[in-house]
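Below: one structure, written as C-alpha coordinates.
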Amino acid sequence: MQHNKNTEFVMYVDNFLDDKTLKDLQHTFVNIKYEDVTMDSGHYYGKRHTFHGEHHKDDPLVKLTKQFFYPNRNLKPISIHAHMRNNEKEPLFHKDTENDSVANFLLFIKGEPLLNNGTGFMKDDSLSAHIGFVENRALFFNGSKIMHSDLQSFGDSSPRYTLNMFLKEDE
(Lines give C-alpha, C1' and ligand atoms only; values in the text may rest on other atoms or scores of the structure.)
Protein backbone atom coordinates (compact mmCIF):
# COMPACT_ATOMS: atom_id res chain seq x y z
CA MET A 1 0.00 0.00 0.00
CA GLN A 2 1.35 3.41 -0.92
CA HIS A 3 0.42 6.08 1.59
CA ASN A 4 1.33 9.71 2.11
CA LYS A 5 0.59 12.43 4.62
CA ASN A 6 -2.95 12.89 3.24
CA THR A 7 -3.91 9.21 3.23
CA GLU A 8 -6.21 7.91 5.95
CA PHE A 9 -4.63 4.58 6.80
CA VAL A 10 -4.49 2.11 9.68
CA MET A 11 -2.22 -0.93 9.58
CA TYR A 12 -1.09 -3.38 12.23
CA VAL A 13 1.16 -6.39 12.65
CA ASP A 14 1.36 -8.93 15.48
CA ASN A 15 4.55 -10.29 17.07
CA PHE A 16 6.43 -7.15 16.07
CA LEU A 17 9.41 -7.63 18.41
CA ASP A 18 11.40 -10.71 19.38
CA ASP A 19 10.56 -12.11 22.84
CA LYS A 20 13.68 -10.78 24.58
CA THR A 21 13.21 -7.23 23.32
CA LEU A 22 9.54 -7.27 24.35
CA LYS A 23 10.37 -8.58 27.85
CA ASP A 24 13.07 -5.90 28.24
CA LEU A 25 10.62 -3.18 27.23
CA GLN A 26 7.94 -4.54 29.56
CA HIS A 27 10.39 -4.42 32.47
CA THR A 28 11.43 -0.87 31.56
CA PHE A 29 7.86 0.39 31.09
CA VAL A 30 6.57 -0.80 34.46
CA ASN A 31 9.60 0.66 36.29
CA ILE A 32 10.16 4.10 34.74
CA LYS A 33 8.87 7.36 36.17
CA TYR A 34 5.72 8.70 34.52
CA GLU A 35 4.13 12.14 34.65
CA ASP A 36 0.39 12.85 34.57
CA VAL A 37 -0.91 14.19 31.26
CA THR A 38 -4.08 16.20 30.73
CA MET A 39 -5.57 17.28 27.41
CA ASP A 40 -6.12 20.94 26.51
CA SER A 41 -9.77 20.38 27.46
CA GLY A 42 -8.67 19.48 31.01
CA HIS A 43 -9.47 15.76 30.69
CA TYR A 44 -6.99 13.43 32.38
CA TYR A 45 -5.22 11.47 29.64
CA GLY A 46 -2.98 9.09 31.55
CA LYS A 47 0.71 8.96 32.37
CA ARG A 48 3.63 9.59 30.01
CA HIS A 49 7.39 9.24 30.00
CA THR A 50 9.29 10.99 27.21
CA PHE A 51 12.43 9.32 25.86
CA HIS A 52 14.94 12.06 25.06
CA GLY A 53 17.63 11.49 22.43
CA GLU A 54 16.81 7.84 21.70
CA HIS A 55 14.84 8.53 18.52
CA HIS A 56 17.54 9.06 15.93
CA LYS A 57 17.94 7.16 12.64
CA ASP A 58 20.25 4.52 14.12
CA ASP A 59 17.79 3.35 16.79
CA PRO A 60 16.95 -0.35 16.11
CA LEU A 61 13.25 0.14 16.89
CA VAL A 62 13.01 3.06 14.46
CA LYS A 63 14.71 0.96 11.78
CA LEU A 64 12.34 -1.96 12.40
CA THR A 65 9.33 0.34 12.27
CA LYS A 66 10.52 1.77 8.93
CA GLN A 67 11.11 -1.72 7.52
CA PHE A 68 7.59 -2.91 8.37
CA PHE A 69 5.46 0.18 7.82
CA TYR A 70 7.12 2.86 5.70
CA PRO A 71 10.06 1.53 3.68
CA ASN A 72 9.32 3.93 0.81
CA ARG A 73 8.72 7.08 2.85
CA ASN A 74 11.28 9.40 4.36
CA LEU A 75 9.83 9.83 7.85
CA LYS A 76 11.69 10.73 11.00
CA PRO A 77 10.59 10.56 14.63
CA ILE A 78 9.49 13.77 16.31
CA SER A 79 9.05 12.17 19.73
CA ILE A 80 8.91 8.79 21.43
CA HIS A 81 6.94 8.20 24.64
CA ALA A 82 5.93 5.46 27.03
CA HIS A 83 2.25 5.76 28.00
CA MET A 84 0.31 4.11 30.80
CA ARG A 85 -3.44 4.49 30.55
CA ASN A 86 -6.36 3.25 32.56
CA ASN A 87 -9.11 5.47 31.15
CA GLU A 88 -12.40 4.25 32.60
CA LYS A 89 -14.33 7.54 32.26
CA GLU A 90 -14.88 8.31 28.58
CA PRO A 91 -13.19 7.87 25.21
CA LEU A 92 -11.03 10.87 24.31
CA PHE A 93 -11.09 10.90 20.51
CA HIS A 94 -8.55 13.26 19.00
CA LYS A 95 -6.19 13.92 16.10
CA ASP A 96 -2.46 14.40 16.61
CA THR A 97 -1.75 17.65 14.82
CA GLU A 98 1.22 19.10 16.73
CA ASN A 99 4.74 19.35 15.32
CA ASP A 100 3.79 18.43 11.72
CA SER A 101 3.08 14.82 12.68
CA VAL A 102 1.91 12.76 9.68
CA ALA A 103 2.09 9.23 11.12
CA ASN A 104 1.85 7.46 14.46
CA PHE A 105 3.45 4.23 15.55
CA LEU A 106 1.80 2.57 18.54
CA LEU A 107 3.18 -0.61 20.12
CA PHE A 108 1.11 -2.47 22.70
CA ILE A 109 3.73 -3.36 25.35
CA LYS A 110 1.91 -4.71 28.41
CA GLY A 111 -1.72 -5.20 29.43
CA GLU A 112 -4.59 -7.61 29.42
CA PRO A 113 -5.58 -8.92 25.96
CA LEU A 114 -8.98 -7.25 26.07
CA LEU A 115 -10.76 -5.69 23.12
CA ASN A 116 -11.49 -2.51 25.11
CA ASN A 117 -7.80 -2.06 25.96
CA GLY A 118 -7.21 -1.46 22.27
CA THR A 119 -7.56 1.57 20.04
CA GLY A 120 -10.60 2.78 18.11
CA PHE A 121 -10.75 4.85 14.94
CA MET A 122 -13.58 7.09 13.75
CA LYS A 123 -14.92 7.82 10.28
CA ASP A 124 -17.66 10.43 9.79
CA ASP A 125 -18.19 10.79 13.57
CA SER A 126 -18.78 7.04 14.07
CA LEU A 127 -16.53 4.34 15.44
CA SER A 128 -15.46 2.49 12.29
CA ALA A 129 -12.55 0.29 13.41
CA HIS A 130 -11.44 -1.19 16.70
CA ILE A 131 -8.09 -2.94 17.08
CA GLY A 132 -7.97 -4.95 20.29
CA PHE A 133 -5.03 -4.97 22.67
CA VAL A 134 -2.56 -7.81 22.23
CA GLU A 135 0.92 -7.49 23.67
CA ASN A 136 3.52 -7.00 20.93
CA ARG A 137 0.95 -5.71 18.41
CA ALA A 138 2.21 -2.71 16.43
CA LEU A 139 -0.12 -0.16 14.80
CA PHE A 140 0.81 2.42 12.20
CA PHE A 141 -1.70 5.09 11.20
CA ASN A 142 -2.13 8.69 10.16
CA GLY A 143 -3.11 10.18 13.51
CA SER A 144 -3.30 13.68 12.03
CA LYS A 145 -6.16 12.63 9.70
CA ILE A 146 -8.03 9.98 11.70
CA MET A 147 -9.79 10.55 15.02
CA HIS A 148 -8.61 7.87 17.46
CA SER A 149 -8.74 6.94 21.15
CA ASP A 150 -8.26 4.13 23.59
CA LEU A 151 -11.63 2.52 24.29
CA GLN A 152 -11.09 1.42 27.86
CA SER A 153 -14.26 3.16 29.05
CA PHE A 154 -16.38 0.89 26.81
CA GLY A 155 -16.13 -2.10 29.19
CA ASP A 156 -13.65 -4.53 30.70
CA SER A 157 -10.13 -3.10 30.60
CA SER A 158 -6.89 -2.95 32.56
CA PRO A 159 -3.94 -0.59 32.70
CA ARG A 160 -2.21 -0.64 29.34
CA TYR A 161 1.38 0.26 28.54
CA THR A 162 2.21 1.46 25.04
CA LEU A 163 5.14 2.87 23.13
CA ASN A 164 4.05 5.88 21.05
CA MET A 165 6.16 7.36 18.27
CA PHE A 166 5.12 10.41 16.28
CA LEU A 167 6.71 10.87 12.85
CA LYS A 168 6.98 13.68 10.30
CA GLU A 169 8.18 13.98 6.73
CA ASP A 170 11.95 14.44 6.55
CA GLU A 171 12.27 17.02 3.79
Side-chain angles (χ1 to χ4, degrees), residues 1-26 28-30 32 34 37 39 45-85 87 92-111 113 117-122 128-152 159-171:
M1 172 184 163
Q2 184 61 25
H3 48 77
N4 62 45
K5 67 183 180 180
N6 296 314
T7 306
E8 295 179 17
F9 62 88
V10 178
M11 299 178 277
Y12 76 92
V13 64
D14 286 336
N15 301 312
F16 186 69
L17 301 173
D18 62 78
D19 288 342
K20 181 185 181 327
T21 303
L22 177 64
K23 295 291 182 209
D24 289 347
L25 279 175
Q26 288 174 331
T28 298
F29 277 46
V30 297
I32 58 177
Y34 291 90
V37 177
M39 297 179 76
Y45 200 62
K47 296 181 179 295
R48 176 177 22 204
H49 173 88
T50 300
F51 295 103
H52 297 285
E54 288 104 346
H55 52 274
H56 52 79
K57 290 182 190 177
D58 297 325
D59 184 282
L61 185 56
V62 173
K63 286 182 176 181
L64 183 61
T65 303
K66 179 175 181 57
Q67 173 189 339
F68 269 89
F69 292 113
Y70 56 96
N72 300 316
R73 285 184 73 186
N74 194 18
L75 300 178
K76 71 176 184 179
I78 302 168
S79 62
I80 300 175
H81 308 275
H83 279 229
M84 195 291 287
R85 295 211 179 115
N87 174 19
L92 300 171
F93 282 97
H94 64 282
K95 292 180 182 178
D96 298 308
T97 56
E98 305 102 36
N99 302 321
D100 299 321
S101 174
V102 297
N104 298 24
F105 171 77
L106 178 64
L107 179 61
F108 295 153
I109 299 290
K110 188 167 181 58
N117 264 0
T119 299
F121 300 91
M122 293 187 82
S128 65
H130 188 170
I131 299 176
F133 188 98
V134 174
E135 290 180 357
N136 207 10
R137 176 173 281 172
L139 286 68
F140 186 67
F141 59 97
N142 188 337
S144 69
K145 297 290 181 195
I146 302 171
M147 295 286 286
H148 58 280
S149 177
D150 69 76
L151 298 177
Q152 292 176 306
R160 75 177 211 173
Y161 293 86
T162 62
L163 175 77
N164 299 58
M165 184 184 328
F166 300 92
L167 302 127
K168 71 176 187 174
E169 299 287 348
D170 190 10
E171 300 170 11

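To the nearest 0.5 Å, atoms OH (Tyr161) and NE2 (His49) are separated by 13.5 Å. The CG atom of Asn164 sits 9.0 Å away from atom CG of Leu107, with the distance rounded to the nearest 0.5 Å. Note: Leu163 CG to Ile109 CD1 = 5.5 Å, rounded to the nearest 0.5 Å. Separating the CG atom in Leu25 from the NZ atom in Lys20 is a distance of 10.0 Å, to the nearest 0.5 Å.
Counting heavy-atom neighbours within 6.0 Å of Asp19 CG, excluding the residue itself, gives a total of 12 or less.
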If you apply the rule side-chain contact (heavy atoms from CB on, under 4.5 Å), what do you find for Glu169 with Arg73, and how did you get there?
CA-CA 8 Å; Glu169 299 287 348; Arg73 285 184 73 186; 2.3 Å; yes

When you look at His83 and Leu106, which way does the side-chain contact (heavy atoms from CB on, under 4.5 Å) test go after all the steps?
CA-CA 10 Å; His83 279 229; Leu106 178 64; over 6 Å; no

Residue pair Leu167, Phe140: steps toward the side-chain contact (heavy atoms from CB on, under 4.5 Å) verdict
CA-CA 10 Å; Leu167 302 127; Phe140 186 67; 3.8 Å; yes

side-chain contact (heavy atoms from CB on, under 4.5 Å) assessment of Phe108 paired with Leu139
CA-CA 8 Å; Phe108 295 153; Leu139 286 68; 3.7 Å; yes

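Residues Val37 and Lys47 come closest through the heavy atom pair CG2-C, 4.5 Å. When all heavy atoms are compared, the tightest approach of Ala103 to Phe9 is CB-CZ, 4.4 Å. Counting all heavy atoms, side chain and backbone alike, Thr65 lies closest to Phe105 at CG2-CD1, 3.5 Å. Here the closest heavy-atom approach between residue Val102 and residue Ser144 is recorded as CA-OG, 4.1 Å. Here the shortest heavy-atom pairing between His81 and Phe166 reads CD2-CE1, 3.7 Å.
Side chain of Lys145 to backbone of Lys95: no donor-acceptor contact under 3.5 angstrom is found. Here the side chain of Glu135 pairs no donor or acceptor atom with the backbone of Pro113 at under 3.5 angstrom. Tyr34 contributes a side-chain N or O that, together with a main-chain N or O of Phe29, makes up a donor-acceptor pair within less than 3.5 Å. In this structure, the side chain of Asn74 engages the main chain of Asp170 through a donor-acceptor pair within 3.5 Å.
Annotation: side chain of Leu61 is not in contact with side chain of Thr21 (no heavy-atom distance under 4.5 Å). In this structure the side chain of Thr119 never reaches within 4.5 angstrom of the side chain of Arg137, judged on heavy atoms. Using a 4.5 Å heavy-atom cutoff, the side chains of Leu22 and Gln26 are in contact.
Ring geometry for Phe69 against Phe16 counts as parallel: the plane angle stays under 30°, on a 0 to 90° scale with 60° as the upper cut.
Test Ile78, Leu75, Ile80, Asn104 against Met165 for side chain to side chain contact (heavy atoms under 4.5 Å, CB included) and you get one pass: Ile80.
In this structure, Phe141 has its ring center at least 6.0 angstrom away from the ring center of Tyr12.
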